[in-house]
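I have placed the structure first, in the form of structure tokens, so that the comments after it can refer back to it.
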2 protein chains.
Amino acid sequence: MAADQLSRVFAALADPTRRDMVARLAVGDATVGELADPYDVSVQAVSKHVKVLTDAGLVSQTKDAQRRPCHLEAEVFDLMTKWIERYRQQAQERYDRLDAVLAEMRDDERPTKHRNRKQGAAS
Amino acid sequence: MAADQLSRVFAALADPTRRDMVARLAVGDATVGELADPYDVSVQAVSKHVKVLTDAGLVSQTKDAQRRPCHLEAEVFDLMTKWIERYRQQAQERYDRLDAVLAEMRDDERPTKHRNRKQGAAS
DNA sequence: GTCGTTGTCAACCATTCGGTTGAGGAGCCG
DNA sequence: CGGCTCCTCAACCGAATGGTTGACAACGAC
């Protein structure tokens, strides 16, 4: 199983239908039936999708008679954003520094092809 | 198949191993073998992971003799961030100004029964 | 109470996924 | 050339996924 929350969140959003549901829920809460409406799949399938979103912490459900209004939880988005930003920044940084590194390498060696690969082990 | 890029990106990052690889690549480029090193899985499995990341646009590979140095592509992160931010903001907004306003706006639609429900409808 | 609505659970099916092993292509080195 | 390294492709396997249908619990409406 996906185990950790981040995995569950990403997995949940990997499905276009579920992303679409999130988009809809961003506008306002909706019951399972309302969520199911735009799609030609069965209500059970939608119920499953909602469960996936709920397990991921993206959605919470309350009770309203037989209905189960779904509410979008904004906090989990921060979890993703944090992860993404972290590595995006590192990658960007590294990219920005690339010129310097390349210049140095260029200066250091002539095109003897590879001699000492691996800039991989940085820091 | 997942079809669109956003789906592929999210699906790619849904796997902890692949997220880990991204984390590693954020530090610096690495060959497939170097990527495989920390894990107890076969090189072929890692190669598959790299392919998934590549198909998602998160990673690019170049040629260096037999090696295939992997490079993290920062741009795709923006695609995700954009999507996330969009709906996070909507959800947050909606949360901030509470249901009262929307419930009022929506009070007129009320289909014959149960008027009690929240602001479920989206156009 | 009975009926209709709403949603979930369970079982099943086809496909996908992450892993394996085996084969082999590409490229350096001796 | 032959051998070694690095990596990918192909086939296979078990588990998870997304969908279906059928049953049924919960609840309001009559």
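Every chain is numbered from 1, with letters handed out A, B, ... down the list of sequences.
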Notebook entry, point to check: Atom CZ of F10(A) and atom P of dG18(C): how far apart are they, to the nearest Å?
Noted result: 15 Å
Margin query: So A45(B), base contact, sugar-phosphate only, or nothing? Heavy-atom distance under 4.0 Å.
Written below: base
Check: Taking CZ from R68(A) and C1' from dT5(C), how many angstroms apart are they, rounded to a whole number?
Finding: 12 Å
Check: Salt-bridged, D29(B) to R24(B), with N to O below 4.0 Å?
Finding: no
Notebook entry, point to check: For DNA chain D, whose closest nucleotide is more 5', that of S47(B) or that of T17(A)?
Noted result: S47(B)
Checklist line | V41(B), nearest nucleotide to its side chain (from dT8(D), dG19(C), dG18(D)) | finding: dG19(C)
Item checked: Minimum-distance nucleotide to Q66(B) side chain [options: dT20(C), dG22(D), dG27(C)] -> dG27(C)
Next item on the list: State plainly whether one hydrophobic cluster holds both Y87(B) and F10(A), where clusters connect Ile, Leu, Val, Met, Phe, Trp and Tyr through side-chain heavy atoms under 4.5 angstrom apart.
Entry: yes
Check: Which residue lies toward the 5' end of DNA chain C, K48(A) or Q61(A), if each is placed at its nearest nucleotide?
Finding: Q61(A)
Next item on the list: Say whether V50(A) and V43(A) are linked into one hydrophobic cluster, either directly or through other cluster members, by side-chain heavy-atom distances under 4.5 angstrom.
Entry: yes
Checklist line | Nucleotide dT8(C), atom P - distance to CG of L53(A) in whole Å | finding: 12 Å
Item checked: T31(A) side-chain N/O to dG7(C) phosphate OP1/OP2 under 4.0 Å -> yes
Next item on the list: Provide, to the nearest angstrom, the distance between the NE2 atom belonging to H49(A) and the P atom belonging to dG18(D).
Entry: 6 Å
Check: Are any of the side-chain nitrogens in K51(B) or D55(B) under 4.0 Å away from the carboxylate oxygens of its partner?
Finding: yes
Margin query: Measure CD/E34(A) against C1'/dT5(C) and give the value in whole Å, please.
Written below: 13 Å
Notebook entry, point to check: If you check every side-chain atom of S42(A), which of dA26(D), dT8(D), dT20(D) has the closest atom?
Noted result: dT20(D)
Margin query: How many whole angstroms separate atom CE of M21(B) from atom C1' of dG18(C)?
Written below: 11 Å
Checklist line | Between dG7(C) (C1') and R67(A) (CZ): distance, integer Å | finding: 11 Å
Notebook entry, point to check: Taking atom P of dG18(C) as reference, at what distance in whole Å does atom CG of D55(B) sit?
Noted result: 12 Å
Check: Could a donor-acceptor pair under 3.5 angstrom be found where the side chain of Q44(A) meets the base of dG22(D)?
Finding: yes
Note to self: For V46(B) and D40(A), find the nucleotide of DNA chain D closest to each by heavy atoms; which residue's nucleotide sits nearer the 5' end?
What the structure shows: V46(B)
Check: Can you hop from L79(A) to V52(A) via hydrophobic side chains spaced under 4.5 Å?
Finding: no
